[in-house]
Amino acid sequence: MDAGWSQDDIDFRQQVRDFTAQNLPVDIRDKVISGRPLQRADHMRWQDILAQKGWIAGFWPQKYGGCDWTPAQSYIFQEETTRAGAPWLLPFGVNYVGPVIYTYGTEAQKAQHLPGIVSNEVFWCQGYSEPNAGSDLARLSTRAERDGDSYVVNGSKIWTSMAHWADWIFALVRTDPDVKPQRGISFMLIDLNSPGVSVRPIRSIEGAHHLNQVFFDNVRVPAENLIGQENKGWTYAKFLLGHERVLSAEIGKAKRMLERLRGTAEARGLLDDASHRQRVNTLETDLLALEWTTLRMLDAVMDGSAPGFEASVLKLRGSTIVQAIAEYTVDVLGPDALAFDPARLEAETNDPAAEALRNMGIVSEFLFQRAPTIWGGSNEIQRNIIAKHALELG
Amino acid sequence: MDAGWSQDDIDFRQQVRDFTAQNLPVDIRDKVISGRPLQRADHMRWQDILAQKGWIAGFWPQKYGGCDWTPAQSYIFQEETTRAGAPWLLPFGVNYVGPVIYTYGTEAQKAQHLPGIVSNEVFWCQGYSEPNAGSDLARLSTRAERDGDSYVVNGSKIWTSMAHWADWIFALVRTDPDVKPQRGISFMLIDLNSPGVSVRPIRSIEGAHHLNQVFFDNVRVPAENLIGQENKGWTYAKFLLGHERVLSAEIGKAKRMLERLRGTAEARGLLDDASHRQRVNTLETDLLALEWTTLRMLDAVMDGSAPGFEASVLKLRGSTIVQAIAEYTVDVLGPDALAFDPARLEAETNDPAAEALRNMGIVSEFLFQRAPTIWGGSNEIQRNIIAKHALELG
Amino acid sequence: MRLSLDEGRRDVKLTLTDEQTMLAESVARLVADQAGQTPSAGSFEADFDRQKWQQIAELGWLGAAVTEAAGGFGGARDMAVVLEKAAPSALAAQLAPTFIGLTILEAAGGAETLVADVISGEAIACGVLSDMASALDVAQNNGQMRLSGRFQAVPMGDVADIYVLALPEVTLCLSADTPGLERQEIRGMDGGARADLVLSDLGITPEMILSQGDRAQTVLKRARLVHAAALTAECSGLAARLFDLTLDYVKQREQFGQPIARFQALQHRLADMFIGLEELRSLALAAARAAEDSTPPDRRLSQAVTGSVDRALHIAKEAIQLHGGVGMTDDMPLGAGLRRIKALQIMPGGAETHRRALLAATG
Amino acid sequence: MRLSLDEGRRDVKLTLTDEQTMLAESVARLVADQAGQTPSAGSFEADFDRQKWQQIAELGWLGAAVTEAAGGFGGARDMAVVLEKAAPSALAAQLAPTFIGLTILEAAGGAETLVADVISGEAIACGVLSDMASALDVAQNNGQMRLSGRFQAVPMGDVADIYVLALPEVTLCLSADTPGLERQEIRGMDGGARADLVLSDLGITPEMILSQGDRAQTVLKRARLVHAAALTAECSGLAARLFDLTLDYVKQREQFGQPIARFQALQHRLADMFIGLEELRSLALAAARAAEDSTPPDRRLSQAVTGSVDRALHIAKEAIQLHGGVGMTDDMPLGAGLRRIKALQIMPGGAETHRRALLAATG
């Protein structure tokens with residue numbers, strides 16, 4: 001079954017495949033495939049390799065350091081790299097704040113921030129959610145008050161992935177408390193080395209530390225770090241939310257996880273087990289349906305007819321399928337999944353051949369994969385969006 | 001696994017089982033087991049046999065012709081008779097209007113209506129739903145206006161099961177249009193032979209006729225046919241809705257259908273098929289869970305601690321499980337389910353041995369079983385009830 | 001994706017050509033017109049009408065499954081377009097075996113006149129493949145091939161002039177009056193008349209043989225692809241219709257003082273139906289593309305079939321449930337939709353056949 | 001039902017006795033008190049604490065699985081009551097193998113002193129049954145039975161003084177220092193330390209043997225019943241806790257200007273969780289009743305186990321989902337609950353073992 005890729009796309013796919021095969025470090029690949037948590041250094045090492053090649057920000061315009069990739073190329077790049085076991089290309093700089101800066105930022109902002117993203121020198125994180133503003137982002141209460149040439153920021157952001165590794169955060173802050181919730185929000189870039197910023201680690205259910213709460217205690221932010229107009233932050237945030245689009249299905253990752261599942265089942269002599277076959281068949285069918293749905297939507301994105309809710313469909317199904325594969329891999333592992341020690345998993349990552357650690361990685365990933373149905377707008381919120389925008393239900 | 005029935009209950013169960021084995025006509029049993037639609041005469045013949053034994057209205061007080069059965073006995077009676085292939089004991093007279101009459105009716109009403117139910121001489125049906133008042137019963141608009149010694153009724157009722165066979169209908173009618181919707185409703189007994197009543201058949205998706213729309217065109221109803229007080233009908237209707245309680249799980253029927261499923265699968269050599277075993281196992285597990293939930297709730301009903309929403313849980317799960325068994329039986333039948341002719345099914349019911357008709361009965365039941373998740377308060381409404389009353393969610 | 005960027009031209013693979021879009025619209029129009037005429041939308045009595053068939057033939061639609069070279073105007077993709085749009089009516093079940101018959105005739109080659117007769121509506125062809133048979137047996141007896149077996153509840157089986165059979169060893173064309181071929185008319189779960197075809201020790205004569213050996217294998221593979229494309233296209237069109245009806249209904253049906261479309265629990269279920277429908281469309285497209293490209297039938301083709309039928313079934317059941325009482329009446333086409341989808345699931349060669357194949361294969 | 005009507009007395013079979021209700025309350029109280037003390041509700045480091053264990057023993061709870069005749073105060077049902085209430089804490093995973101050990105000791109007979117020592121907390125017993133073993137092999141060598149096999153991630157395996165084994169041929173009691181018995185401490189997915197027990201050609205001496213032959217079979221059946229009752233009771237208690245937390249959370253968590261409990265889509269999911277919980281309680285009751293009455297283990301016992309774990313898993317996943325971000329942190333006991341339920345599913349002798357048995361049996 002072939003969707004009918006153009007020869008250029010087929011060539012590009014081969015190029016990405018070859019590059020990844022030659023350049024993805026084996027130890028990183030093994031960590032990713034077995035589901036073990038990555039360290040900052042793991043991400044940076046791979047992203048440096050991509051930066052060297054000029055592929056960190058492939059879909060960006062050339063003048064900002066990108067390659068003018070089409071959506072199809074972005075899709076192919078993501079599918080091929082993740083399928084081969086490359087780490088998730090961290091989206092905070094490349095996919096999120098970067099396009100906001102080159103679309104809405106000043107020339108000075110572009111000059112200051114874009115090169116660091118393209119060269120993989122600056123580590124960004126995203127400050128959206130707050131303890132009382134999760135799904136209902138418009139209720140956020142972190143305040144930024146103008147004081148001379150700066151804003152003074154007070155409040156906190158939560159579920160901030162990798163904030164403890166980051167140099168900068170882009171944040172939604174409230175600059176006008178007296179108007180309708182969405183109207184008084186601004187989009188701001190904040191240096192995490194500023195005095196008054198502190199980061200509290202949050203341990204997740206798999207025992208790893210990737211989430212944080214970031215506190216702002218009278219943090220002074222230069223006024224030139226405001227993106228666009230004051231109180232128009234909601235516009236930029238919405239622009240950003242719609243940006244990932246067809247990448248959110250994570251087809252390559254699901255394929256990679258299905259391959260691991262196959263290996264795990266084969267090692268346990270389950271390939272001919274009827275109930276295993278039934279289960280795998282359902283997962284494969286769901287993935288086939290999602291892959292072709294992604295291709296159809298990619299097609300629509302490329303000819304400009306995409307209706308806008310495609311990201312919701314893909315995110316919802318992609319997260320659900322990946323979650324199901326991760327859980328079922330543990331089931332296949334069976335009693336070998338009983339031993340699990342997050343501390344050991346974090347400390348002893350140097351021996352990629354250790355079976356016990358690989359198994360623990362599978363457990364870790366099963367637990368971690370409860371998150372994607374929650375983050376980025378929970379799947380409940382995605383259903384609301386589909387009901388409202390695709391079905392036009394009140 | 002034994003729930004710990006008392007010796008009296010065990011004896012009663014044996015008595016019901018023996019009676020049914022000896023008295024249930026074989027042709028009726030075969031129709032029921034194969035899922036073919038029953039005719040009025042089928043229902044009446046079996047109910048006459050029960051009436052003869054004094055078991056039509058077993059749970060009624062003795063003074064009205066019942067046997068003072070405990071809820072446990074009612075449960076046992078239903079489980080044993082339906083499991084053996086007895087027709088559904090039509091609830092309209094016995095379970096619905098009868099208890100309303102002996103609880104809220106006048107002595108004259110009791111004398112006029114109860115004996116006909118106990119003796120199985122009068123066929124009742126239920127007039128609740130209207131085209132614009134389904135889940136939202138309080139919005140009903142069939143009007144009853146007082147005119148001297150009578151009410152004049154205008155409007156229509158829909159989804160009226162078996163109205164084309166019935167002698168009487170009990171109906172909710174609006175007697176005061178100017179108050180809050182639930183306040184102006186009355187509960188009324190209407191002779192279907194009254195001038196101005198007409199019945200339009202509605203054919204269901206399985207091709208059978210059991211549903212109707214009943215029209216009232218200036219139908220005169222004597223004022224003495226009003227139950228209780230005018231405009232208090234909602235109270236009596238709610239009393240009635242809570243009355244079936246633990247019977248709504250239909251455990252006996254589900255067990256009977258599982259037995260048929262087993263026979264159908266065995267005839268096709270599927271008993272050792274892994275995916276068949278998996279499917280049946282899930283159905284059996286669901287039924288086991290429902291049966292023990294029913295027993296726990298029956299226990300609570302008997303000691304007066306039942307919380308009131310138990311019927312919602314049992315109805316929701318019971319209807320879902322029976323629906324799933326009915327559908328999967330068609331799947332097991334496979335290509336033998338492709339031939340289906342409702343007209344033949346209705347006309348040729350005299351040969352219980354005809355395999356083609358048995359197969360068609362299975363198809364008919366699969367289609368018909370889409371209804372129980374809709375009727376009697378759709379499963380969506382049951383979830384609302386559970387959320388509100390069991391979980392106290394606004 | 002679908003365009004070769006340097007040329008700037010659309011190399012349409014996922015979306016429809018303008019011609020296909022026009023074809024889709026005209027089929028949809030006819031189906032909508034006819035829907036108004038039938039006595040009851042969910043009726044069981046949707047029997048074959050030779051006059052109407054002639055009308056379809058005159059519109060040229062029967063040529064959709066056949067290439068221009070062979071006298072038609074299309075291929076698997078065009079056929080899928082027609083079936084998808086015809087799906088809400090009984091027409092789809094009549095078109096599918098015709099299209100499969102034409103596909104087999106074209107693939108086997110050498111039956112140009114017959115193809116022309118079928119496309120023009122003069123001859124009615126019914127194509128079946130070995131996957132649809134039970135107890136199929138091809139025996140050699142004194143140098144003559146003899147055929148036994150049974151095809152259950154075949155649409156068009158009751159009216160066909162010729163039966164076109166794609167079997168692993170041989171491709172056959174049998175006229176309806178062939179000795180040893182019996183047809184028993186029945187009414188099908190999915191409405192209208194059908195026939196059980198019973199082949200009893202039927203002696204194959206040379207003029208019945210369209211192809212043999214490797215060629216017959218190739219024909220069978222082609223028939224399988226086209227059958228999968230036809231089945232998934234019909235599922236897709238039918239589910240789309242049931243979904244649209246449901247969406248319209250919840251928007252206009254008021255309860256508790258507002259349209260029931262306002263209830264969030266129903267909105268989420270409708271969102272899941274919508275996603276299921278999008279996925280079903282994707283699977284149908286994957287199957288149609290496979291048939292278009294003659295990709296050899298594989299696991300994924302079978303998954304496209306089972307996945308389509310599973311999703312269509314879910315949508316059909318939800319459509320009935322969300323309609324409430326109205327959903328249980330045959331005034332609406334919901335029950336008819338459920339019956340048809342269930343038939344596509346359980347029919348020999350249908351989704352269950354594919355599912356069994358998937359579970360039998362190591363993977 | 002539960003009363004013999006003519007006598008008017010409660011023959012309590014489904015509901016609890018007053019004593020059982022009091023027991024339930026006191027266990028629940030202790031667990032709630034201790035929950036306040038631990039560093040983090042979802043922590044991985046819930047290791048065994050001998051002092052706390054002594055405290056439990058002094059409360060007399062370890063006697064719950066043993067009849068009065070044998071020095072305890074209860075039976076399977078009382079044990080289920082304790083485990084259900086202990087389920088929200090790491091205590092349950094420690095109590096279960098102790099209870100199974102005591103059950104085996106009592107059923108095999110002749111170990112009165114040992115039973116008393118375990119109940120008093122002096123000796124720590126860990127009961128396992130053959131269903132929990134992998135590669136179990138009992139060989140006869142020169143008249144001596146020799147045992148090999150492996151028990152994975154056994155709770156209390158790291159601290160037990162004695163291991164009580166119910167095997168089909170023989171019931172054994174091994175002290176921790178028996179040659180050929182090795183324990184490797186590991187951390188378990190469900191929190192706290194565990195041990196892999198490895199038996200390597202372990203020579204059985206007569207004093208290790210508690211029973212043999214038919215009696216050993218009876219002991220094993222009894223152990224299976226009690227294990228099923230223990231597992232389902234723990235599922236029930238754990239799922240109840242996760243459900244209650246979720247219900248509390250949705251009532252207080254505000255988004256879009258109102259408690260999220262007001263959103264109908266969430267209400268319906270909570271209703272389904274509630275129904276699942278009620279069914280899980282019913283299945284746990286069925287298993288406890290089977291153990292109470294010594295009904296021979298059958299299909300339905302296995303269904304009670306698999307059905308319980310399936311429902312508990314569903315509730316645990318929904319609990320995390322409906323909590324949103326908070327659900328992903330180990331500040332809440334939700335992740336710990338999911339890990340424990342998943343362990344009960346995949347552990348040898350757990351739900352997957354029962355599921356495989358169900359699928360292997362013709363039915």
Side-chain angles (χ1 to χ4, degrees), chain A residues 1-9 70-73 75-76 262 266 271-272 274-278 280-282 284-303 305 309-310 312-314 316-317 320 379-380 382-388 390-394, chain C residues 1-7 10-15 243 247 250-251 258-264 266-276 278-287 289-290 292-293 295 298-308 310-311 355 358-363:
Chain A
M1 290 181 181
D2 167 28
W5 297 94
S6 73
Q7 192 55 49
D8 279 9
D9 288 339
T70 62
Q73 286 176 303
Y75 174 82
I76 290 167
R262 198 182 194 288
E266 192 166 18
L271 292 193
D272 283 328
S275 76
H276 170 72
R277 284 204 303 257
Q278 195 156 352
V280 167
N281 194 49
T282 303
E284 285 178 354
T285 305
D286 286 351
L287 182 56
L288 180 69
L290 182 64
E291 182 176 9
W292 280 79
T293 303
T294 306
L295 297 173
R296 284 174 54 225
M297 290 182 171
L298 178 54
D299 200 50
V301 166
M302 289 197 56
D303 75 3
S305 68
F309 52 76
E310 60 279 2
S312 292
V313 172
L314 300 180
L316 198 158
R317 290 298 297 155
T320 305
N379 285 7
E380 290 71 35
Q382 305 301 341
R383 285 193 182 86
N384 286 346
I385 292 172
I386 292 166
K388 191 168 172 188
L391 311 183
E392 297 172 349
L393 305 175
Chain C
M1 208 65 221
R2 64 173 167 58
L3 46 165
S4 179
L5 289 170
D6 46 359
E7 296 176 0
R10 297 190 70 175
D11 169 17
V12 181
K13 295 290 182 130
L14 296 186
T15 47
F243 178 71
L247 198 57
V250 298
K251 284 177 180 173
Q258 55 183 325
I260 61 173
R262 294 265 174 76
F263 291 101
Q264 197 198 27
L266 300 195
Q267 290 183 349
H268 280 206
R269 283 169 63 180
L270 286 156
D272 285 336
M273 288 168 76
F274 173 75
I275 293 170
E278 284 298 323
E279 290 189 334
L280 165 48
R281 285 177 167 141
S282 304
L283 291 169
L285 175 64
R289 289 278 300 129
E292 203 175 15
D293 289 356
T295 318
D298 64 357
R299 279 181 78 67
R300 295 194 297 167
L301 188 77
S302 290
Q303 287 169 342
V305 173
T306 56
S308 292
D310 286 348
R311 283 160 178 79
R355 196 186 314 276
L358 282 167
L359 295 183
T362 293

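Here is how names work: the chains are called A, B, and so on, in the same order as the sequence lines, proteins then strands, and each is numbered from 1. These numbers come from a predicted model, not from an experiment.
Using a 4.5 Å cut-off between heavy atoms, C:Leu247 contacts chain A through its side chain alone, with no backbone atom that close. Of the atoms belonging to A:Gln382, not a single heavy atom falls under 4.5 Å from chain C. Within the 4.5 angstrom heavy-atom criterion, atoms from both the backbone and the side chain of C:Arg281 approach chain A. At a 4.5 Å heavy-atom cutoff, C:Gln258 makes no contact with chain A through either its backbone or its side chain.
Annotation: maximal heavy-atom pairing with chain C below 4.5 Å, among A:Thr282, A:Ile386, A:Leu391, occurs at A:Leu391. Ranked by heavy-atom pairs under 4.5 Å with chain C, the first of A:Asn384, A:Ile385, A:Val313 is A:Asn384.
By the side-chain contact (heavy atoms from CB on, under 4.5 Å) test, A:Thr320 pairs with A:Leu316, A:Arg317, A:Thr373, A:Asn379, sequence neighbours left out. Judged as a side-chain hydrogen bond (donor to acceptor under 3.5 Å, both in side chains), and not counting sequence neighbours, the contacts of A:Glu380 are A:Ser378, D:Arg269, D:Gln321.
C:Arg311 places a side-chain N or O within 3.5 Å of a backbone atom of C:Gly307 that can act as its donor or acceptor partner. Side chain of C:Asp293 to main chain of C:Thr295: no donor-acceptor pair is present (N/O by atom type, distance under 3.5 Å, no hydrogens or angles).
The aromatic rings of C:Phe274 and C:Phe243 sit tilted relative to each other, their planes meeting at an angle between 30° and 60°.
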